[in-house]
Number of protein chains: 2
Amino acid sequence: MERANWSRRTRQREMILREIKKLRTHPSAADIYEIVRKKLPRISLGTVYRNLEDLSRAGIIRKIRDGGTRARYDGTAAGHYHLHCQRCGRLVDLEKDPSPPVRVGPGKMDGWEITGYRLEFTGICPSCLKKKV
Amino acid sequence: MERANWSRRTRQREMILREIKKLRTHPSAADIYEIVRKKLPRISLGTVYRNLEDLSRAGIIRKIRDGGTRARYDGTAAGHYHLHCQRCGRLVDLEKDPSPPVRVGPGKMDGWEITGYRLEFTGICPSCLKKKV
DNA sequence: TTTATTAATAGTAATAATTATTATTATCAA
DNA sequence: TTGATAATAATAATTATTACTATTAATAAA
Ligand SMILES: [Mn+2]
Ligand SMILES: [Mn+2]
Ligand SMILES: [Zn+2]
Ligand SMILES: [Zn+2]
């Protein structure tokens, strides 16, 4: 988790972080813009995008790219599982940790009809490891 | 896996499918367009998008939405794991199945430095289950 | 083999999401 | 307080994807 090196604290970033942390949903940048706008009416969408990017690169929030065409953000940075509806795109936290071993077959969980899961490892690839920073 | 009901087979769709199945990479729609264009110079990008969408909805290929801003496609529909580089976005298949239980901690795998993983379940949410088709 | 039907395409326009640009503002160290 | 400049607001540009529509070609029927 490469920490961001902000040199100044701004009302915009503080507000964005505070609002996204309140939510248990996974809002898009536009969603957050609409929420923060109520407190800071002159904030710009670009500022929201930039800060969400910075905050997620700093590991303070998470950026999620699933299903649809827009990125979504998660105010809970700590690792947790998600349930993603194939039909409507709904993306919610899984309350109980199913681990390990992970259940693979279809079945019910949290009232959902589970059809499968996607497991993705993240890290640094061999060719990137070779390169100097 | 809702099967597509094509009523005609076209050279365009056949070629798109043939070419993506050859690859072990995870090309974007634009990548596939460039490849197929060499064989069918008059194919349009819209046709590539439409067919990739149809093929993945039919479960014949997979649509992957990770990391970056563009969707990527996978000619291998059967379930397998991916390794995704946080630094350069490279997305490759994991050769050996690590299952189960899934290893959680950081470490080496396939020459990569693993920093974590993302597990996502897919299915139908309770409110969608209530609704008629 | 010709012809009719219409699914699917090519070409293009429109939309949506994100990123880039730049003059202005406001944080913060001195 | 003031000065340097990080960060912002406003806007333009770009990128990815989807929508539209006249034309083409896959298939079935004659
Ligand atoms: Mn979450
Ligand atoms: Mn793959
Ligand atoms: Zn749903
Ligand atoms: Zn890499």
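In what follows, every chain begins at residue 1, and chains take the letters A, B, ... in the order their sequences are listed.
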Give the minimum heavy-atom separation between Leu55(B) and Ile16(B), together with the two atoms involved. CD1-CG2, 4.2 Å
Check the distance between [N]'s [atom2] and [X]'s [atom1] and give it to me in whole angstrom.
| X | N | atom1 | atom2 | answer |
| --- | --- | --- | --- | --- |
| Ile64(A) | dT18(C) | CD1 | C1' | 18 Å |
| Arg13(A) | dA26(C) | CZ | P | 16 Å |
| Ile43(A) | dA26(C) | CD1 | C1' | 14 Å |
| Asn5(B) | dA7(C) | CG | C1' | 11 Å |
| Leu45(B) | dA14(C) | CG | P | 17 Å |
| Glu53(B) | dA16(D) | CD | C1' | 13 Å |
| Asn51(A) | dT27(C) | CG | P | 14 Å |
| Arg72(A) | dT18(C) | CZ | P | 12 Å |

Phosphate oxygens OP1/OP2 of [N]: is one of them under 4.0 Å from a side-chain N or O of [X]?
| X | N | answer |
| --- | --- | --- |
| Arg9(A) | dA7(D) | no |
| Gln12(B) | dA10(C) | yes |
| Arg70(A) | dT17(D) | no |
| Tyr49(B) | dT17(D) | yes |

Let's see if you can work this out: which of [options] has an atom nearest to the side-chain heavy atoms of [X]?
| X | options | result |
| --- | --- | --- |
| Thr10(B) | dG11(C), dA8(C), dA9(D) | dA8(C) |
| Ser44(B) | dT18(C), dA9(D), dA10(C) | dA10(C) |
| Ser7(B) | dT18(C), dA10(C), dA7(C) | dA7(C) |
| Trp6(A) | dA7(D), dT17(D), dA9(D) | dA7(D) |

Any residue in residues 23-33 of chain B with a heavy atom nearer than 4.0 angstrom to DNA chain D? Just list them by number, or reply none. none
Rounded to the nearest 0.5 Å, what separates atom CG in Asp54(B) from atom CH2 in Trp6(B)? 6.0 Å
From Ser28(B) atom OG to Tyr49(B) atom OH, the distance as rounded to the nearest 0.5 Å: 7.0 Å
One pair to check against side-chain contact (heavy atoms from CB on, under 4.5 Å): Ile32(B) and Leu52(B). What are the steps and the verdict? CA-CA 9 Å; Ile32(B) 294 163; Leu52(B) 288 172; 3.7 Å; yes
Starting at the 5' end of DNA chain D and moving along, which residue's nearest nucleotide shows up first, Thr47(A) or Gly46(B)? Thr47(A)
Check: [Y] and [X] side chains under 4.5 Å, non-hydrogen atoms:
| X | Y | value |
| --- | --- | --- |
| Ile43(A) | Val48(A) | yes |
| Gln12(A) | Leu40(A) | yes |
| Arg72(B) | Thr25(B) | no |

The residue among Lys39(A), Arg37(A), Arg13(A) that forms salt bridge (charged side-chain N to carboxylate O under 4.0 Å, His left out) with Glu19(A) is Lys39(A)
Contact list (N/O, under 3.5 angstrom) for nucleotides 1-5 of chain D vs protein:
from, atom 1, to, atom 2, distance (Å)
dT5(D), O2, Arg8(A), NH1, 2.9
dT5(D), O2, Arg8(A), NH2, 3.0

Arg11(B)/Glu14(B) ion pair, N-O < 4.0 Å: no
Between Ile20(B) and Tyr73(B), is the side-chain contact (heavy atoms from CB on, under 4.5 Å) condition met? List the steps. CA-CA 8 Å; Ile20(B) 194 177; Tyr73(B) 298 85; 3.6 Å; yes
